[in-house]
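Report on one structure; see the data block that follows.
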Amino acid sequence: DGIVIARATDLLVLDLNPSFTRLLGVTRQHAIGTALDALGLWPTAEVARGFLARLRGSATGLDERVTLRHTGTGQPLEARISARYTEIDGELALLLVVRDETDSEQTRHALREIERKFTMVFNAAPDGIVIVRASDRVIVDVNDYMCGITGFGREELLGNQMGTLKVFDDAPTALHARQMLARLGGFRRLELSLRHRQGEVIPALVSASVVNLDGEACVLILVRDIRDQRRAEQALRRADARFRNAFEDAPIGVALVDARLGIIDGNHWLADMLGVKRDTLVGLGFASVGPEDERAGLCHALLQLLPAGE
């Protein structure tokens, strides 16, 4: 720590240690006999006057966190100054101890920046995130997306148990999830149903794992809303059913072929036309079916229909 001793009556510097010189660039030769506010230690004269006014107005001294400046480089120094009255050779003096807290401030700034980024990512995540205390299953944090898919506000969720709010609609599967969590420490992509507070049942993929947060066991739960995926699957099934019906019921022969004109599937009309059983169609090639004098022309015409490069 940097130490400087000043006369209490006029704040003239009586002595200082090498650490004070290292921290703030003021040499002992230059400082002794100079008033504290004339050393250029503060970023502005107004800041210096304010600190010294508070110092003079205190009967016991001060303990403040301040910003000083290095007199040589001009670099700011985050410091804590502890000032106490003492007696030296029968004269009232001030003992000022200056502790460099720049690294501490940088660390705090870095932590604040990490926390800011985490909060931004946490709330912008495209999945619901819930952090639950393992000991009592109370919700300790939740992101915006989870609030949206459940219909609850953040303040309504925090401090409550997931079971009390009945967020998960599928009780047997939820029980199975808790059992896996207790036995294995987590699970991945388990399909569960959530219930919005307005009653809508929402299919979701849920993953969970036990994590340690600030020395306390918690459960991190990730919830992915799969309503769009389920709607797409249903639309695909309907489209497939329509195609299958059209394929089977077409009043003409219909075949699905690969790039080499091998038959992948054919309807019963095609089998009747070719005079074969339907289950023998797969694997036949158009080069070997139909009238021999028409096969080459048919294959050529079909190949013209295939995309280039296939």
Side-chain angles (χ1 to χ4, degrees), residues 111 114-249 256 264-265:
L111 289 174
I114 291 171
E115 183 176 358
R116 184 189 69 81
K117 290 179 179 178
F118 171 79
T119 301
M120 182 176 64
V121 172
F122 185 74
N123 284 317
D127 295 328
I129 304 176
V130 188
I131 300 175
V132 177
R133 194 160 52 225
S135 59
D136 54 11
R137 288 187 284 182
V138 166
I139 299 170
V140 296
D141 208 351
V142 61
N143 73 343
D144 293 344
Y145 193 93
M146 190 66 185
C147 294
I149 62 175
T150 61
F152 289 98
R154 190 169 187 272
E155 297 306 319
E156 294 177 284
L157 290 170
L158 294 181
N160 283 303
Q161 292 182 320
M162 297 286 282
T164 303
L165 296 169
K166 302 187 184 304
V167 172
F168 290 109
D169 185 64
D170 188 346
T173 308
L175 175 61
H176 177 56
R178 290 197 296 272
Q179 292 170 342
M180 283 198 297
L181 190 64
R183 189 173 69 253
L184 305 174
F187 56 85
R188 290 176 59 82
R189 299 176 66 80
L190 180 67
E191 187 162 342
L192 280 165
S193 294
L194 275 69
R195 183 173 291 276
H196 190 278
R197 71 184 307 172
Q198 298 300 326
E200 181 185 0
V201 176
I202 301 169
L205 291 179
V206 180
S207 300
S209 59
V210 177
V211 296
N212 189 295
L213 296 177
D214 297 326
E216 187 171 37
C218 294
V219 180
L220 176 66
I221 303 172
L222 304 179
V223 180
R224 173 159 294 181
D225 180 354
I226 56 173
R227 282 177 290 184
D228 289 343
Q229 179 182 328
R230 288 289 175 267
R231 284 192 283 265
E233 290 171 352
Q234 290 170 0
L236 182 61
R237 284 194 293 270
R238 288 194 295 268
D240 185 65
R242 287 194 296 269
F243 169 79
R244 178 54 56 182
N245 291 336
F247 183 80
E248 296 295 343
D249 297 339
L256 298 176
I264 300 172
D265 197 4

Walk me through whether Ile129 and Leu222 qualify under side chain to side chain contact (heavy atoms under 4.5 Å, CB included).
CA-CA 5 Å; Ile129 304 176; Leu222 304 179; 3.8 Å; yes
Exam field: side chain Arg195 to backbone Gly199, donor-acceptor pair closer than 3.5 Å:
yes
So Phe152 and Asn160, do their side chains get closer than 4.5 Å, heavy atoms only?
no
Shortest non-hydrogen contact between Phe187 and Val206, atoms and distance:
CE1-O, 3.4 Å
Got a sec, which pairs hit salt bridge (charged side-chain N to carboxylate O under 4.0 Å, His left out) with one end in residues 175-191, sequence neighbours left out?
Glu191-Arg230
For the residue pair Met146 and Ile139, establish whether any side-chain heavy-atom pair is separated by less than 4.5 Å.
no
Can you tell if the side chain of Asp127 reaches within under 4.5 Å of the side chain of Val223, non-hydrogen atoms only?
no
With sequence neighbours left out, which residue pairs that include part of residues 150-160 fulfil the salt bridge (charged side-chain N to carboxylate O under 4.0 Å, His left out) condition?
Asp141-Arg154, Glu156-Arg197
Please table the atom pairs, donor to acceptor, closer than 3.5 Å between any side-chain atom in residues 237-244 and protein atoms at least two apart or in another chain.
unit_1	atom_1	unit_2	atom_2	d
Arg244	NH1	Glu248	OE2	3.0
Arg244	NH1	Asp265	OD2	3.3

In this structure, which one of Leu220, Ile221, Val142 forms a side-chain contact (heavy atoms from CB on, under 4.5 Å) with Val132?
Ile221
Provide the closest heavy-atom pair for Ser193 versus Val201 in the form atom of the first, atom of the second, distance.
CB-CG1, 3.8 Å
Go through it in stages, so that I can follow the logic: the residues are Leu190 and Met180, the test is side chain to side chain contact (heavy atoms under 4.5 Å, CB included), and I'd like the CA-CA distance, side-chain angles, deciding distance and then a yes or no.
CA-CA 11 Å; Leu190 180 67; Met180 283 198 297; 3.9 Å; yes
Is it true that atom CZ of Arg224 has more than 12 heavy atoms of other residues, nucleotides or ligands lying nearer than 6.0 Å?
no
Closest heavy-atom pair and its distance - Leu157, Cys147:
CD1-SG, 4.0 Å
Residue among Ile226, Leu192, Leu194 satisfying side-chain contact (heavy atoms from CB on, under 4.5 Å) with Pro203:
Ile226
Can you tell me how far apart CG (Asp136) and CD (Gln161) are? Round to the nearest 0.5 Å.
6.5 Å
